[in-house]
Colleague: 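Supplied in structure tokens, the structure appears directly below.
Below, read A as the first sequence line, B as the second, and so on, with proteins coming before strands; counting in each chain starts at 1.
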Amino acid sequence: MFNRHITHRYFAALMVAPLLVVTACSGDDDATDDTAAPAPSVDVDESTPVDTVDVVQTTSGSSAPGPRVSIVASVPPTDHGWLGQIAAKAQEAADQWDDVDFRLLEAADADSQAAQIQTVINERPDALVVLPYDGAQLTPIAEAAMEAGIPVINVDRLFDTPEAARATILGDNYQIGAKAAAYVAERLDCSGDVVEIQGIAGISVTDDRSQGFADTLDALCGNGISIVAQQPADFRPDLGLQVMEAILQANTSIDAVYTHDDDMAEGVVAAIENAGREGEMFLTGAGGSCTAFDHIADGGLYGATYLYSPTMAGSAVNMARLIAQGRGFADLFEPEVPSLIVVPPTQVTQDNVADLRSLCFD
Amino acid sequence: MMDVNGSNEPIGDPAGGVGTRRFALPSGTKLQEYTLVGVIVALIVVGAILKPDTFPTTANFRAILTQSSVVGVLAIGMTLVIATAGIDLSVGSVVAAAGIAGGLVYETGAAVFVLAALGFGLLLGGVNAAAIAYGKVVPFVATLAMLAIGRGLALQMSDKKPISLLGADGIRWFGTGKVLGQPVSVVIFVVVTIAGWLTLNRTAFGRHVVSVGGNREAARIAGVPVRRTIFTVYCLSGLLAGVATVLLCGRLASASPVSGQLLELDAIGATVIGGTSLAGGRATITGTFMGVIVFGLIFNLLTQLNLATEWQQIVKGVIILAAVLVQRPERI
């Protein structure tokens, strides 16, 4: 009977549905966080901070024109604010140089990014900037580019092997957690109840941001501050809202909320305000969205955020230019561009929000 | 409220293939509704024992209903769709796109926001409807395509950025305001549920929906306007996605292009555990309502217990599987 066929077909369909949906959404999912980045291979302990280069200053020091070079940048689909800004910052950086021919390529997935880079290798540009869709999957093709003599500058999501990149610039997720914990510990005087709203469960960005927070809170306050609730909301505002609504019901007293992402924090803020409990607690974000900057400037609920700035893509283009021209940073004594730059997550509070305004992103 | 079906044999099913087991067992729908009532009671009892201070409170039940309202409104539309032996995978994306459509014009007033959201939801639902009813595209494929299109439109129209509605008190009223002492979104959810129940059980259209899902050929022969019926249910599903986005954006104080991902699975799951048959021809709004409440209770309870979300996924999945097993009285 027709009816029965339908039955079987739809049962089969239901089984497949989550798979297809996940596939169809994976572009978003990946980009929903401002990050989806693998952990830095170098553990940056807060007691021994890595010296980082102030890229803005350095570029102005290295701005003397050099030989003409061609640079290609390859990035994942820019369907999220942060990735969109990655593309924009790379383009902006390239536009300021008269001696750079620049091309930006956007790939839909890891496979097409690999194919794209393969084509680029044959064109033999002087340098290649890559924010890989997935570090592991694109390691072989990056190695191939390096073997062909094209220096690769790796942005944010690490390749698996050191042979895959000439230089690397990335953010520091562990330090976001560590700095937020220090901020919370100070404001609460090491006593109170804290809620943590996490990103996508099971990815290194979330793990690092969470671990940094827990370790530092423990080191600074011992048992003084307890994390009373800890739930993922996948970097999404609507889930942040829903999760926080339930947590607010469950906890009659909350002193602070640590969130892993500014966009997601918007939902958390709405939940707290809808419940009329904004006077009871404060929260911190991460990423550096302009909306978060606005909240911080206004004062009140939103205490601080931590930059995970897409400007690193611009810095990567500047590094690519100097590497291709065989120069180093003018402000460093070494003749070559350093091979690893870890960008610290600058803390943004009401004190410095006006000064850092130009670094926020929509 | 009672179920539709159980006793409501698909109209004009000449084969009567499901008749024999009826004498041995309570109908799948009935059995499932009793089971659901049991599940709801059990969840409340467990919650009251484990979280006596914060779970069994009026404020918390109100919060659960408020949270359930978005999926709830979608699930009512989904019930009608599934009753026709269809499926609508696009509702989550349509929620996002309709929210952005409203967000683009929100400054002209809350009424314009609502009209734009409902209108855009209806439009995208209408595209599904036309493709399925007249283009003869399989519902799964047509709405899967719309899942991608809707999400793409949401991202494109918003320039990939959320639209803040912080200053728009009229819109936020739908998420945070009260009517007769109850949250507006809960009132809307209940009104939509009652309207859905009346539509399914007390109108000719409702009978057409069930008969189209039960046996399309027989329905056609019996004079049921099959295409128009199918067209209408997908339009309604799109329209209700517009309603859902108003409730969501009101609470969120923003329209986000990444909102609503996987909402379709919650809506389908709630419908299925309610007792509506994925094969079509059997639908119950009461069951769907309870299914939505079960999901809401699970989310609230497990979050209150601070259990990791993987447990929520496991519990939800097990309940869906169990529900489908209870529902499976027909021969294989």
Side-chain angles (χ1 to χ4, degrees), chain A residues 1-4 6-11 13-14 16-18 20-22 24-25 27-29 31-32 78-81 83-84 201-202 228-243 245-252 263 266-267 269-271 273-275 289 291 294 362, chain B residues 13 15 17 51 53-55 57 59-60 63-64 66-67 70 85 87 89 92 138 140 144 147-148 151-152 155 159-162 164 172 175-176 214-217 248 251-254 256 258-262 264-265 268 272 277-281 299-300 303-306 308-310 324 330:
Chain A
M1 239 167 87
F2 181 56
N3 200 4
R4 294 285 174 270
I6 292 279
T7 311
H8 291 128
R9 275 165 56 186
Y10 280 117
F11 273 116
L14 188 71
V16 188
L20 290 172
V21 170
V22 164
C25 290
D28 289 356
D29 281 350
T32 306
T78 57
D79 58 0
H80 176 264
L83 282 167
V228 292
Q230 200 176 28
Q231 290 286 327
D234 297 6
F235 297 111
R236 278 169 46 194
D238 56 337
L239 280 184
L241 171 83
Q242 214 181 347
V243 168
E245 281 173 343
I247 289 174
L248 284 167
Q249 289 298 331
N251 297 279
T252 46
D263 281 1
E266 288 306 307
V269 168
E273 287 183 352
N274 292 348
S289 78
T291 315
D294 291 342
D362 284 315
Chain B
D13 180 356
K51 281 277 176 185
D53 298 330
T54 57
F55 186 81
T57 66
N60 193 41
I64 292 171
T66 305
Q67 292 209 303
V70 174
I87 196 98
L89 298 175
V138 179
F140 186 91
L144 184 64
L147 181 153
R151 183 67 57 190
L155 287 164
D159 202 13
K160 302 164 192 168
K161 294 166 197 163
S164 174
R172 296 192 69 182
T176 58
N215 186 328
R216 191 157 303 174
E217 277 318 303
L248 179 63
R251 239 162 76 232
L252 192 53
S254 121
S256 160
V258 295
S259 281
Q261 286 171 35
L262 301 186
E264 56 276 4
L265 293 191
I268 294 168
V272 169
S277 166
L278 275 171
F299 174 79
N300 183 276
T303 309
Q304 287 223 7
L305 294 172
N306 201 26
T309 39
E310 50 265 31
V324 177
E330 293 152 46

Colleague: Which residues pass the ring-ring contact (aromatic ring centres under 6.0 Å, His included) test with Phe55(B), sequence neighbours left out?
Modeller: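 Per chain and number, Phe55(B) pairs via ring-ring contact (aromatic ring centres under 6.0 Å, His included) with Phe61(B).
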
Colleague: Which one, Ser289(A), Ala270(A), Ala246(A), leads in non-hydrogen pairs under 4.5 Å with chain B?
Modeller: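 Among Ser289(A), Ala270(A), Ala246(A), the one with the most close pairs to chain B is Ala246(A).
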
Colleague: Sort Thr176(B) into side chain, backbone, both or neither according to what part of it lies under 4.5 angstrom from a heavy atom of chain A.
Modeller: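 The side chain, not the backbone.
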
Colleague: If you measure from CG on Leu252(B) to CD on Gln242(A), what distance do you get to the nearest 0.5 Å?
Modeller: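 Leu252(B) CG to Gln242(A) CD: 10.5 Å, rounded to 0.5 Å.
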
Colleague: Can you tell me how far CG of Asp294(A) sits from OG of Ser164(B), rounded to the nearest 0.5 angstrom?
Modeller: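 Nearest 0.5 Å value for the OG-CG distance: 9.0 Å.
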
Colleague: How many angstroms lie between CG in Leu241(A) and OG in Ser256(B), if you round to the nearest 0.5 Å?
Modeller: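 Nearest 0.5 Å value for the CG-OG distance: 11.0 Å.
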
Colleague: Quick check for you: to the nearest 0.5 Å, what is the distance between Asp53(B) atom CG and Asn251(A) atom CG?
Modeller: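 Those atoms lie 11.5 Å apart.
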
Colleague: Given that the side chain runs from C-beta out, which part of Val228(A) has a heavy atom under 4.5 Å from chain B: side chain, backbone, both or neither?
Modeller: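 Only the backbone of Val228(A) comes within 4.5 Å of chain B.
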
Colleague: If I take atom CG from residue Asp238(A) and atom CD from residue Gln261(B), how far apart are they, to the nearest 0.5 angstrom?
Modeller: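 One finds 7.5 Å between CG of Asp238(A) and CD of Gln261(B).
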
Colleague: Please list, chain by chain and in numerical order, all residues satisfying side chain to side chain contact (heavy atoms under 4.5 Å, CB included) with Asn306(B), sequence neighbours excluded.
Modeller: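 So Asn306(B) forms a side chain to side chain contact (heavy atoms under 4.5 Å, CB included) with Ala229(A), Gln230(A), Gln231(A).
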
Colleague: To the nearest 0.5 Å, how far apart are CD in Gln67(B) and CD in Gln249(A)?
Modeller: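 If we round to the nearest 0.5 Å, Gln67(B):CD and Gln249(A):CD are 8.0 Å apart.
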
